[in-house]
Colleague: 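Before I ask anything, here is the structure I am working with.
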Amino acid sequence: MTELFTFPLEKRVLGPILAEKARTEGDRPYMTVGGRTWSFREIDRDARAIGRGLRGLGVARQETVALLLPNSPEFVLSWYACCVIGAIFVPVNPSYTGPLLDYIVKDSATRAMVVHRSLFDQLASVPAETLAQLDWVAVVGGIRGLNLPKGPARYIDFADIPIAEGDDPEMPCTFRDVQSIMYTSGTTGPSKGVVIPNGHFFASSITFLRALGLGRDDVLFTPLPLFHGLASRLGVLPALMVGAHVVIAEKFSAGQFWRQAAECGATVGHTIFTIPTILKAQPPSEWDRAHKMRAMYNANYDAEFEERFNVRLVEAYGLTETGLTIYTPWPQRRDGSCGRAHEDFEVSLVGDDEMPVADGETGELVVRPKLPSIMMDGYINKPEETMKTMRNLWFHTGDYARRDADGFFYFTGRKKERIRRRGENISGFEVERIVGMHPDVSEVAAIAHPASVGEDDVRCVIIRRDGSELAPEALMDWLQPRMPHFMMPRYIEFVADMPRTPSAKIEKYKLVEAGLGPDAWDREKAGYRLERKAAPLSLVKAS
C-alpha cells in the first residue's frame with residue numbers, strides 16, 4: 001500500500017491501475033455484485049472490451065456517457081470502460097425522472113446513455129428534444145418488448161455493444177483529464193455538475209485507504225448507491241487500488257445488514273450518519289456480533305453503537321467538490337472529531353468577514369489544495385458559481401466547524417440552505433421548481449424540518465393560487481410521478497403569505513424559526529403511502 005502513496009502523479013489514472021492489478025492480483029476476487037464475483041483479471045478484461053465497444057459506437061475522448069443504473073456490475077464496468085478510453089462518465093440518481101433527468105442530460109451535454117431496463121420508463125418523462133441529443137441508448141436487460149420513446153438515434157441491448165478484438169492503444173488519459181461529472185444538489189439554484197479529474201479520484205481513494213487502514217486482505221461491504229461518491233470513489237476504487245475484495249449490496253436493509261456483512265466476511269463497511277441510529281433501533285439479533293467487521297465509515301462517534309456491535313465508527317470530512325480534506329490515519333482517533341487537516345490541503349476556519357477565527361471558535365470551513373488536480377475543476381456551465389465558492393483563493397464549503405488547540409476539527413452544522421434526508425442532499429430549489437409547476441401553486445418555499453432519526457425531512461410552505469382548494473393528498477398524487485421519493489415532502493403547509501425582505505424575497509429562516517403551523521399536514525401521520533408511478537409525457541413540462 002505504501003507504493004500507492006508515492007505513485008507518480010502522471011500515472012494516477014485508472015487504465016494503468018487496472019492493468020497493473022490484473023497482472024499482480026490475477027484471479028483473486030475483486031468485486032461481488034448481483035450474485036457474481038469478478039476477479040481482478042476479469043474486471044480489466046471486461047472493462048477494456050466494453051471500452052472498445054463504446055469507442056466503436058463513436059464515443060470519443062472526454063465525451064460524456066450517462067449511467068442511469070442501480071447497483072449492478074454494469075455500473076462499474078461502464079464506468080471503468082469510459083475511463084480506459086478517456087471518456088467522462090455521468091452517474092445519475094436512479095430515482096431521477098422528469099425535469100431532474102432532463103436537466104442533467106442537457107447540462108452535461110450527454111451524447112450516450114446506459115440505462116437499466118427497470119428504469120427505462122423514466123426516459124418517457126424526458127422531452128423528445130432532449131432525448132434527440134443522444135446518439136444511442138444501451139439498455140441493460142435488453143430492449144425487446146419496450147416502448148421506445150422517440151429521440152435517440154439508436155437503441156441497443158447492452159449485451160450487444162460491439163466488441164472489437166485486439167490490443168488497446170496507449171491510454172490517452174492523464175491525471176488532469178476529467179473522469180466524471182457528478183451532480184451535487186444545489187442550494188439556491190439547480191444541481192451543480194462537479195467536474196472531477198482523474199487525480200481527484202485517486203487522491204480520495206488514497207485518503208480512504210489511510211483512514212481505514214484498508215489492505216489487501218480486507219473485504220469491504222457497501223449497501224450504498226454506486227452513483228454516490230462514497231460507494232464509488234471511496235469504495236469500489238480504493239478496493240481495486242489495494243487489491244481488496246468489495247461486496248456491493250443492492251440497497252441498504254436495516255434488518256439484513258449484519259447478516260449480509262457476516263455472510264460475505266466483511267472486515268470494513270460503509271455507512272452514512274443516519275444508519276447507526278437506524279441499526280440501533282433494530283431488536284437484538286444473533287448477527288449483532290457474528291460478523292468480522294472492524295470499522296464502518298462514515299459516521300459520528302457513538303460509544304453505545306460500538307459496544308453493541310463491536311465495531312469502530314470512523315469519521316472524516318469531505319465534499320464531492322474536494323474529496324476528503326480532514327481525517328485521521330487508522331487507528332488514530334479523537335472522539336467526536338472528524339480529524340486533522342489533510343497533508344495535501346490547507347484548511348482554515350473563517351468568520352463572516354473572511355478572517356480566520358481563533359481555536360475553539362466556530363467558523364466556515366475553507367480549503368485549498370497543495371497539489372494539482374486533487375479537487376474539482378469547477379462546476380460545469382456555471383462559472384459564476386465556481387468563482388463564488390472559490391472567492392479569495394479558498395474553496396468555501398458552506399459548512400461550520402471548530403478546531404481545538406491540537407488541530408482536530410469538529411463539524412458543527414451547515415451554513416448552506418440545504419436539506420439532508422437519509423444520506424441524500426436535497427436541493428430546496430429543485431423541490432420548489434417541481435412543486436411550483438402545479439397549476440394551483442402560486443409560491444412555495446422548501447425548507448428542512450428536523451427528523452426523528454437525525455438529519456431532515458422536507459417541509460413545503462405553499463401559497464395556493466386564488467380560488468384554489470388544492471388538498472395535500474392531491475398535490476402528493478401529482479408529485480409522485482414527477483419527483484424522486486427521497487425528495488417528496490413530508491410536511492405540506494398552506495398559508496396566505498410568508499415573511500419577506502423589502503425586495504419581496506421569502507425569508508426562509510423565519511419559517512424555520514416559527515416551526516410547523518397548527519394546520520400543517522404530516523404525510524406519515526396521515527398514512528399517505530408513496531408508490532412508484534410513471535408520468536405521462538404530456539404532463540411533464542420541459543425545463
Side-chain angles (χ1 to χ4, degrees), residues 95-100 103 184-191 274 398 413-530 535 539-541 543:
S95 298
Y96 276 12
T97 186
L100 296 176
Y103 168 75
T184 183
S185 292
T187 56
T188 58
S191 294
T274 52
R414 290 182 169 85
K415 179 180 180 181
K416 294 179 180 179
E417 192 179 281
R418 179 188 301 170
I419 307 168
R420 185 170 178 85
R421 183 175 185 270
R422 297 185 180 180
E424 298 281 1
N425 288 328
I426 299 173
S427 165
F429 172 88
E430 288 177 335
V431 173
E432 292 164 358
R433 184 163 69 99
I434 297 174
V435 173
M437 293 170 67
H438 192 285
D440 287 339
V441 172
S442 176
E443 284 188 279
V444 56
I447 54 180
H449 186 79
S452 58
V453 294
E455 299 197 340
D456 308 310
D457 280 318
V458 180
R459 173 187 170 199
C460 285
V461 183
I462 297 170
I463 299 175
R464 288 177 286 205
R465 294 195 183 278
D466 291 345
S468 169
E469 296 182 359
L470 178 65
E473 293 87 348
L475 176 59
M476 295 294 286
D477 288 345
W478 188 90
L479 288 174
Q480 284 214 50
R482 295 167 173 82
M483 182 180 285
H485 282 191
F486 71 86
M487 292 177 67
M488 292 286 284
R490 174 175 173 178
Y491 302 100
I492 292 178
E493 188 174 352
F494 293 116
V495 297
D497 201 0
M498 301 189 220
R500 300 177 186 275
T501 67
S503 61
K505 182 179 179 181
I506 297 172
E507 294 179 306
K508 291 186 179 181
Y509 76 94
K510 289 186 178 179
L511 294 174
V512 173
E513 291 175 351
L516 289 173
D519 298 325
W521 181 81
D522 182 338
R523 166 167 53 86
E524 294 188 4
K525 288 184 178 180
Y528 185 94
R529 294 177 60 84
L530 296 179
L539 296 183
V540 179
K541 298 180 183 179
S543 59

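The figures here come from the full heavy-atom set of this structure, side chains too, leaving out hydrogens, waters and symmetry mates. Note that the structure is predicted; figures quoted are calculated from it, not measured.
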Colleague: Shortest non-hydrogen contact from Pro484 to Tyr96?
Modeller: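 Scanning both residues, the minimum pair turns out to be CG-CD1, 3.6 Å.
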
Colleague: Carefully, step by step, assess Val458 and Met487 under the rule side-chain contact (heavy atoms from CB on, under 4.5 Å).
Modeller: CA-CA 7 Å; Val458 180; Met487 292 177 67; 5.8 Å; no

Colleague: Sequence neighbours left out, what passes salt bridge (Lys or Arg N to Asp or Glu O under 4.0 Å) with Arg421? Give chain and number order.
Modeller: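 With sequence neighbours excluded, Arg421 shows a salt bridge (Lys or Arg N to Asp or Glu O under 4.0 Å) to Asp457, given in chain and number order.
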
Colleague: Is there a side-chain contact between Met483 and Pro489 (heavy atoms, below 4.5 Å)?
Modeller: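 The answer is yes; the side chains approach within 4.5 Å.
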
Colleague: Of all the heavy-atom pairs spanning Asp456 and Ala448, show the shortest one and how long it is.
Modeller: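 It is CG-CB, 3.6 Å.
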
Colleague: side-chain contact (heavy atoms from CB on, under 4.5 Å) between Val444 and Val431: does it pass, once the steps are laid out?
Modeller: CA-CA 9 Å; Val444 56; Val431 173; 6.0 Å; no

Colleague: Restricting to ring pair (Phe, Tyr, Trp, His ring centres under 6.0 Å), what partner residues turn up for Phe494, sequence neighbours left out?
Modeller: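 For Phe494, no residue satisfies ring pair (Phe, Tyr, Trp, His ring centres under 6.0 Å) once neighbours in sequence are set aside.
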
Colleague: Going by the salt bridge (Lys or Arg N to Asp or Glu O under 4.0 Å) test, which pairs reach into residues 515-530, not counting sequence neighbours?
Modeller: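 Applying salt bridge (Lys or Arg N to Asp or Glu O under 4.0 Å) to every pair that reaches into residues 515-530, excluding sequence neighbours, yields Arg490-Asp522, Arg490-Glu524.
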
Colleague: Report yes or no: does Tyr528 contribute a side-chain atom to a donor-acceptor pair with the main-chain N or O of Pro472 at less than 3.5 Å?
Modeller: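 Not a single qualifying donor-acceptor pair exists.
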
Colleague: Can you list every pair that meets side-chain hydrogen bond (donor to acceptor under 3.5 Å, both in side chains) and has a residue in residues 464-476, with sequence neighbours left out?
Modeller: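 For residues 464-476, and leaving out neighbouring residues, the side-chain hydrogen bond (donor to acceptor under 3.5 Å, both in side chains) pairs sorted by first residue read Glu473-Trp521.
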
Colleague: Quick check for you: to the nearest 0.5 Å, what is the distance between His449 atom NE2 and Glu493 atom CD?
Modeller: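 One finds 10.0 Å between NE2 of His449 and CD of Glu493.
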
Colleague: Considering non-hydrogen atoms only, spot the tightest contact between Leu516 and Tyr491 and give its length.
Modeller: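 Distance-wise, the nearest heavy atoms are CD1-CE2, 3.6 Å.
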
Colleague: Quick one, Leu511 and Ile506 - any side-chain contact, counting heavy atoms below 4.5 Å?
Modeller: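 Yes - at least one pair of side-chain heavy atoms lies under 4.5 Å apart.
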
Colleague: Applying side chain to side chain contact (heavy atoms under 4.5 Å, CB included), can you list everything that pairs with Asp497, at least two apart in sequence or on another chain?
Modeller: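 In terms of side chain to side chain contact (heavy atoms under 4.5 Å, CB included), with neighbours along the sequence ignored, Asp497 is linked to Ile463, Arg500.
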
Colleague: Evaluate the side-chain proximity of Ile462 to His438: yes if any heavy-atom separation is below 4.5 Å, no if none is.
Modeller: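 Not touching, per the 4.5 Å side-chain cut-off.
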
Colleague: Calculate, to the nearest 0.5 Å, the distance between atoms CD1 and NZ belonging to Ile447 and Lys508 respectively.
Modeller: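 These two atoms lie 8.0 Å from each other.
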
Colleague: Are Glu432 and Glu443 close enough, and set up right, to give a side-chain contact (heavy atoms from CB on, under 4.5 Å), and what steps lead you there?
Modeller: CA-CA 8 Å; Glu432 292 164 358; Glu443 284 188 279; over 6 Å; no

Colleague: Kindly compute the distance separating OG1 (Thr97) from CD (Gln480), expressed to the nearest 0.5 Å.
Modeller: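 Thr97 OG1 to Gln480 CD: 12.5 Å, rounded to 0.5 Å.
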
Colleague: Does any non-hydrogen side-chain atom of Cys460 lie less than 4.5 Å from one of Leu475?
Modeller: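 When only atoms from C-beta onward are counted, Cys460 and Leu475 do not touch, as no gap falls below 4.5 Å.
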
